[in-house]
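Note that ligands are numbered from 1 as they come in the structure, with each ligand's atoms numbered from 1 the same way. Quick note: residue numbers are just sequence positions, from 1.
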Amino acid sequence: MCLSELKTGERGVIVKVIGHSGFRKRIIEMGFIKGKTVEVLLNAPLNDPIKYKILGYEISLRHREAEMIEIISEQEAKEQVLQPGIYYGALAGEYTHFNDEYLRRIALGKRRTINVALIGNPNCGKTSLFNLASGAHEHVGNYSGVTVSAKEGHFDFEGYRFKIVDLPGTYSLSAYTPEEIYVRRHIIEQTPDIIINVVDSSNLERNLFLTTQLIDMDIRMVVALNMYDELEESGNTLDHYLLGKLLGVPMIPTVCKKSKGIGDLFHIIINLYEGADYVDEQGIINPEVAKEIQDWHHKHVDESNHGEHIEDYTREYKLHHAIYRHIHINHGPDLERAIDEVKEEISLNDFIRYKYSTRYLAIKLLENDEEVERWIGELPNVESIIKKRDKAIKRIADTLKEDSESAITNAKYGFICGALKEAFVDNYLEQRTVTKSIDAFVTHRLLGFPIFFLFMFLMFECTFIFGEYPMAGIEWLVNAFGSWVNDTMSAGPLKDLLIDGIVGGVGGVIVFLPNIMILYFFISIMEDSGYMARAAFIMDKVMHKMGLHGKSFIPLLMGFGCNVPAIMASRTIENHKSRLITMLVNPLMSCSARLPIYLLLVGAFFPKNGSFILLIIYATGILLAILMARLFSKILVKGDDIPFVMELPPYRMPTAKAIFRHTWEKGVQYLRKMGGIIMLASVIIWFLGYYPNHNTYETVTEQQENSYIGRVGKAIEPALAPLGFDWKLDIGLLTGMGAKELVVSSLGVLYANDAEANTTSLAERMPITPLVAFCYMLFSLIYFPCIASFAAIKHESGSWKWAAFTAIYTTVLAWMVSFAVYQIGSLFV
Ligand code: GDP
Ligand code: MG
């Protein structure tokens with residue numbers, strides 16, 4: 001609980017003080033130190049400040065200050081005895097009365113939980129670090145937008161419990177993208193004890209930009225210099241101690257791929273957590289605290305495992321303030337003056353200082369940050385703050401000849417550049433030339449596109465060719481199972497349900513599992529190696545022609561896997577207009593659930609040129625997406641295009657482990673769908689097709705036509721007849737609205753009732769022409785995506801309007817395209 005919750009006369013022991021360092025320092029200087037007992041002298045409702053007694057002194061704190069102090073009350077300590085072992089390190093049961101020493105020990109035991117948050121650019125290895133530390137399985141993708149929400153986990157290390165949060169990747173902490181706002185709010189509202197700023201060491205300049213913003217916020221943090229292996233391989237050298245000293249932040253080299261440096265990282269975090277607040281001006285640590293740290297070290301740390309860390313408080317002879325200190329990024333005299341002026345005006349409000357560093361607020365105001373402006377809006381002197389700010393901005397524009405926002409950005413890069421000049425030696429060695437020479441080809445103005453399409457073609461060809469063998473095996477198994485059931489069970493509805501409903505429906509879809517795994521295997525390789533980012537890069541120009549942005553390409557490409565995460569990934573696009581259009585056209589990207597439909601029909605009707613037909617289908621989807629995006633950006637969605645930098649991270653050899661894990665995870669997801677929605681739907685479709693009056697008809701066809709589903713199919717048949725579809729095909733489409741795989745499984749059920757069902761494949765039982773099959777594939781590609789995508793669009797765009805719009809426009813478009821192809825095609829064949 002927090003100190004403000006204690007009532008008059010109650011006592012508690014301090015566990016920790018949260019919030020930004022400036023605030024914490026002040027509170028700790030007042031005597032609110034871990035393990036000390038506080039007594040409430042007067043805490044009446046609506047009474048601010050509250051009066052406390054600590055270390056024999058009387059001190060008043062404001063409510064908002066007391067909220068930032070975590071304590072354990074006597075009451076809680078008593079409950080603790082009833083539930084022994086809740087707090088790590090507590091000595092439940094040993095004491096019978098609650099003397100101060102007992103409370104203190106429980107408080108210190110509770111203190112042994114450290115909340116950390118991972119913050120860093122996309123692709124710097126946050127999720128890898130998270131997985132390593134917490135042991136959780138997580139998707140690790142090589143582009144922004146994979147981690148769309150925070151993942152939490154925990155683990156125990158050297159006598160502490162770490163609660164760790166993997167936050168979405170961001171390049172900066174401005175209020176432009178949902179991720180950035182999310183990360184900022186997490187820092188302010190969840191107040192993690194320590195931030196781990198994960199930095200890609202092979203791209204320091206860019207990554208440290210975020211670090212400088214975190215420094216502005218004045219929060220306790222360490223930097224994990226991840227991908228240190230790449231830095232070393234590149235032949236460049238970094239003095240990370242020096243860089244740490246320059247920035248006032250401990251920097252620990254890590255290689256998440258080889259789990260190197262992780263122990264050191266968390267070891268230093270414990271030091272920072274337990275020590276950094278208790279040093280005096282000279283950087284000498286409070287002797288009582290120092291003793292505790294040393295005790296911890298002796299007890300929990302295997303000395304042989306750790307090298308010499310100058311950040312380590314257990315080595316008393318070091319001057320620690322050389323590392324842990326709060327620096328101000330120097331923005332140059334003009335900006336600093338402006339920052340000071342605005343800060344001074346903000347600081348008149350005592351209470352805002354508890355939560356935010358006022359310097360940070362001042363900098364953000366000068367950057368015209370809308371969210372911070374809203375916070376400031378609550379202050380009584382908001383008008384004079386804004387007036388000061390506007391004046392300062394105007395002066396900066398006059399003297400520096402640039403707007404204050406870019407002036408601040410440039411100053412930060414100047415600072416980083418200077419720091420790197422001292423600590424970093426760029427040897428211009430091969431690593432970058434490898435990336436450069438590959439890039440010369442794959443991002444070439446002319447060669448880039450054919451190479452891209454070649455990769456795509458190879459991907460589909462492999463999906464097709466390599467998928468065939470395991471597919472035949474699974475097919476054989478499904479058939480064998482079907483005949484076995486056929487031979488062993490006595491006739492009746494239950495047997496029919498098993499064979500026609502479940503084996504026919506689920507079996508029809510499960511055979512495509514190998515193909516889907518292969519497709520995901522390729523997508524994972526492209527993501528993890530960094531080629532995906534190149535694909536986005538070469539597409540940037542094309543995307544702009546569509547009224548989109550190169551960044552939209554990744555969500556669109558992800559759509560080939562599944563439209564749902566793809567639609568969610570469009571969050572990373574800053575520009576509202578591009579984001580919305582990307583979502584709207586995403587369903588035209590043919591997701592893997594549609595693949596079984598194509599594979600079924602292509603295999604049966606176009607056995608010779610399967611890959612080619614497949615490529616045409618996918619290309620049609622892309623082409624339509626381009627056309628629609630252009631159309632929408634012209635007439636539907638208003639707004640301007642904003643230019644944006646395209647990232648080109650260096651190529652990485654994807655690890656076999658990561659690739660197989662991603663592929664496997666997708667496979668499992670697919671199988672789950674089989675066991676769940678597809679199984680259920682197959683049974684329902686079978687039921688609707690079996691009843692009513694199953695046994696009263698002469699022929700199977702007659703029976704089917706009179707079943708429930710036959711009636712529905714018949715009812716919509718006229719609408720789809722101009723496309724060449726019969727009512728069975730129509731039903732397939734209807735069921736596909738739930739999930740596209742259901743198209744195949746319901747066709748499986750509908751065409752299963754023939755006599756020779758067990759001897760011929762489904763495709764052979766479908767009495768349609770290749771042209772109809774082709775139109776059917778087109779229709780399946782384009783029409784209503786699926787319930788899940790529909791919901792995703794609603795969620796991401798924030799309104800039903802756009803979801804409904806997508807549902808309608810795709811279905812109308814599907815009809816028009818299939819109609820045109822069928823009618824024109826009929827003239828030739
Ligand atoms: P996130 O976007 O920050 O969560 O980054 P990820 O954890 O998804 O990592 C992106 C890619 O970098 C993955 O392909 C990882 O395998 C790779 N990676 C992570 N850590 C390291 C490292 O220390 N060295 C190298 N060479 N690669 C790494
Ligand atoms: Mg991640």
### Query
Just how far is it from atom CD of Glu371 to atom CZ of Arg185, taken to the nearest 0.5 Å?
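The CZ atom of Arg185 is 4.0 Å from CD of Glu371, to the nearest 0.5 Å.
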#### Entry: Region of Glu230 engaging ligand 1 - heavy atom pairs below 4.0 Å
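Only the side chain of Glu230 comes within reach of ligand 1.
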Heteroatom proximity flag, [X] to ligand 1, N/O under 3.5 Å:
{"X": "Val255", "value": "no"}
{"X": "Met227", "value": "yes"}
{"X": "Tyr228", "value": "no"}
{"X": "Lys126", "value": "yes"}

### Message
My understanding is that only one of Asn121, Ile119, Thr211, Thr254 makes a side-chain contact (heavy atoms from CB on, under 4.5 Å) with Val199; could you say which?
### Response
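With Val199 as partner, side-chain contact (heavy atoms from CB on, under 4.5 Å) holds for just one option, Thr211.
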Please check if any side-chain donor atom of [X] sits under 3.5 Å from a side-chain acceptor atom of [Y], or the reverse.
{"X": "Thr170", "Y": "Glu179", "answer": "no"}
{"X": "Asp200", "Y": "Asn207", "answer": "no"}
{"X": "Asn563", "Y": "Arg594", "answer": "yes"}

### Message
I'd like to know if Pro122 contacts ligand 1, where contact means a heavy-atom distance under 4.0 Å to any ligand atom.
### Response
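Checking ligand 1 against Pro122, which is what was asked, there is a heavy-atom contact under 4.0 Å.
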### Task
Decide whether the shortest distance between a heavy atom of Gly169 and an atom of ligand 1 is less than 4.0 Å.
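It does not, in that no heavy atom of Gly169 comes within the 4.0 Å cut-off of ligand 1.
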